[in-house]
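Residue indices begin at 1 and follow the sequence shown.
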Amino acid sequence: MQQKGAIQIIEWEDLDKRKFYSLGVFMTLTTRATVYPASLIRTRLQVQKGKALYSGTLDAFCKILRAEGVQGLYRGFMVNTFTLVSGQAYITTYELVRKYVSQYSPSNTVKSVVAGGAASLVAQTITVPIDIVSQQLMMQGQGEHLTRFKAKPKMMLATSKRRLTFGQTRDITVQIFAADGFRGFYRGYVASLLTYIPNSALWWPFYHFYAEQLSLMAPTECPHLILQALAGPMAAATASTITNPMDVVRARVQVEGRSSVIETFKQLLAEEGLWGMTKGLSARIISSLPTSVLIVVGYETLKRLSLRADLIETRHW
């Protein structure tokens, strides 16, 4: 067990791996279901030209809810649940790389930066094809004119022999493969890496930094979990603001079928100026704040619940 300020950090070797993975799947699914509507709104805001469809996050939420209902806020969610695999790959990579880097550096910042970046690389390799399909489904409804692929109406799918549950997912997947082949499922992969590797590499050290600073200011009786729950959103807002320009480019590349990250960046800058780089930022922060709280509270609680039986009596929170 190592300490950062007054905050104790449970390391990989302290965990009961069976508990860790079984509880981790439930935590990841709960988190994704909670923040998915904000992710959908962010994607539509980032892809639209100017304010052609929505004037902002709240306007988008109201219009989608009014026109498409609650299910409109969860378009593509079923296929997005397959990212549970990448979620488990992320936390495993993060913990293992932290353990490896600790052999060469005792610095928690160094371990967090390297492990966060490596974890994001592994997770994005799994996630991007799923994101490509789910983003196309997110754009159906009010945003379908902004994407190349149009899902068949449910009435048409219901008359076929396909199962309706994944009918539109299969329809979009077939269209992507027909248009771009296997490469189509990794469109924007470089943009995703340029977005999420820095975001992950920044989030963890900022999280530990804010947690340390809060622990120094807070009363000694203040529970560590509360300090960590506050540090998570602060880290998320910081990392999201820094990496948002590339996130806008990533969304455009993947949804519009562009091939060049640099050209997409130049065009966005020329058409919408620096303001275009902030598109979807509020929705991204809104989605990242509860995500961070859930991740921090859930992840830290998960690690405590997964602590090896022989260590439980020696740990006091």
Side-chain angles (χ1 to χ4, degrees), residues 1-15 20 23-24 27-28 31 35 87 90-123 195-244 281 284-308 311-317:
M1 181 81 66
Q2 297 182 2
Q3 295 187 8
K4 179 69 173 177
I7 302 292
Q8 293 182 317
I9 301 174
I10 301 175
E11 300 290 3
W12 181 251
E13 58 271 18
D14 301 324
L15 299 173
F20 183 69
L23 294 172
M27 184 200 79
T28 303
T31 301
V35 305
Y90 180 94
I91 58 177
T92 300
T93 303
Y94 177 77
E95 294 293 345
L96 288 176
V97 173
R98 270 186 67 90
K99 181 180 179 181
Y100 177 78
V101 174
S102 66
Q103 301 174 32
Y104 302 94
S105 173
S107 170
N108 188 61
T109 299
V110 172
K111 289 189 286 186
S112 298
V113 169
V114 177
S120 187
L121 172 62
V122 172
T195 301
Y196 291 113
I197 288 180
N199 189 81
S200 180
L202 289 169
W203 190 92
W204 287 102
F206 272 120
Y207 163 60
H208 289 300
F209 170 76
Y210 288 135
E212 177 187 11
Q213 296 306 308
L214 289 170
S215 72
L216 296 175
M217 295 185 293
T220 54
E221 65 272 12
C222 184
H224 291 171
L225 199 59
I226 292 179
L227 302 180
Q228 292 168 318
L230 292 173
M234 292 169 67
T238 304
S240 294
T241 301
I242 294 172
T243 61
N244 196 71
L281 177 59
R284 191 177 182 206
I285 291 177
I286 288 171
S287 67
S288 69
L289 295 186
T291 300
S292 296
V293 172
L294 288 169
I295 286 177
V296 170
V297 174
Y299 190 58
E300 296 295 346
T301 301
L302 167 67
K303 291 173 77 175
R304 293 181 187 186
L305 292 174
S306 303
L307 199 63
R308 288 188 357 235
L311 297 176
I312 292 177
E313 295 300 323
T314 66
R315 302 294 184 257
H316 303 284
W317 313 108

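The distance from atom CE of Met217 to atom CD of Glu212, rounded to the nearest 0.5 Å, is 10.5 Å. To the nearest 0.5 angstrom, Asn199 atom CG is 11.0 Å from Ile197 atom CD1. From Asn108, atom CG reaches atom OG of Ser102 across 10.5 Å, with rounding to the nearest 0.5 Å. Between His208 atom NE2 and Gln213 atom CD the span is 13.5 Å, to the nearest 0.5 Å. Rounding to the nearest 0.5 Å gives a distance of 6.0 Å between CG of Leu230 and CG of Leu214.
Shortest non-hydrogen contact noted between Val101 and Val114 is CG2-CG1, 3.7 Å. The two residues Ala231 and Ala211 come nearest to each other via the heavy atoms CB-N, 3.5 Å. In terms of heavy atoms, Leu281 sits closest to Ser240 at CD1-O, 3.8 Å. Closest heavy-atom contact between Ala115 and Arg98: CB-CG, 3.6 Å.
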Practice item. Verify side chain to side chain contact (heavy atoms under 4.5 Å, CB included) between Thr238 and Leu202, making sure each step is shown before the conclusion. Key: CA-CA 8 Å; Thr238 304; Leu202 289 169; over 6 Å; no
Exercise for review: Begin with the C-alpha distance, continue with both residues' side-chain angles, and end with the deciding distance and a verdict on side chain to side chain contact (heavy atoms under 4.5 Å, CB included) for Tyr94 and Ser112.
Suggested key: CA-CA 8 Å; Tyr94 177 77; Ser112 298; 3.8 Å; yes
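Residues passing the side-chain hydrogen bond (donor to acceptor under 3.5 Å, both in side chains) test with Ser200, sequence neighbours excluded: Tyr90. With sequence neighbours excluded, no residue satisfies ring pair (Phe, Tyr, Trp, His ring centres under 6.0 Å) with Tyr196.
The aromatic rings of Trp204 and Tyr207 lie perpendicular to each other, with more than 60° between the two planes, well past the 30° mark.
With Ser120 contributing its side chain and Gly116 its backbone, the two residues share no donor-acceptor pair below 3.5 Å.
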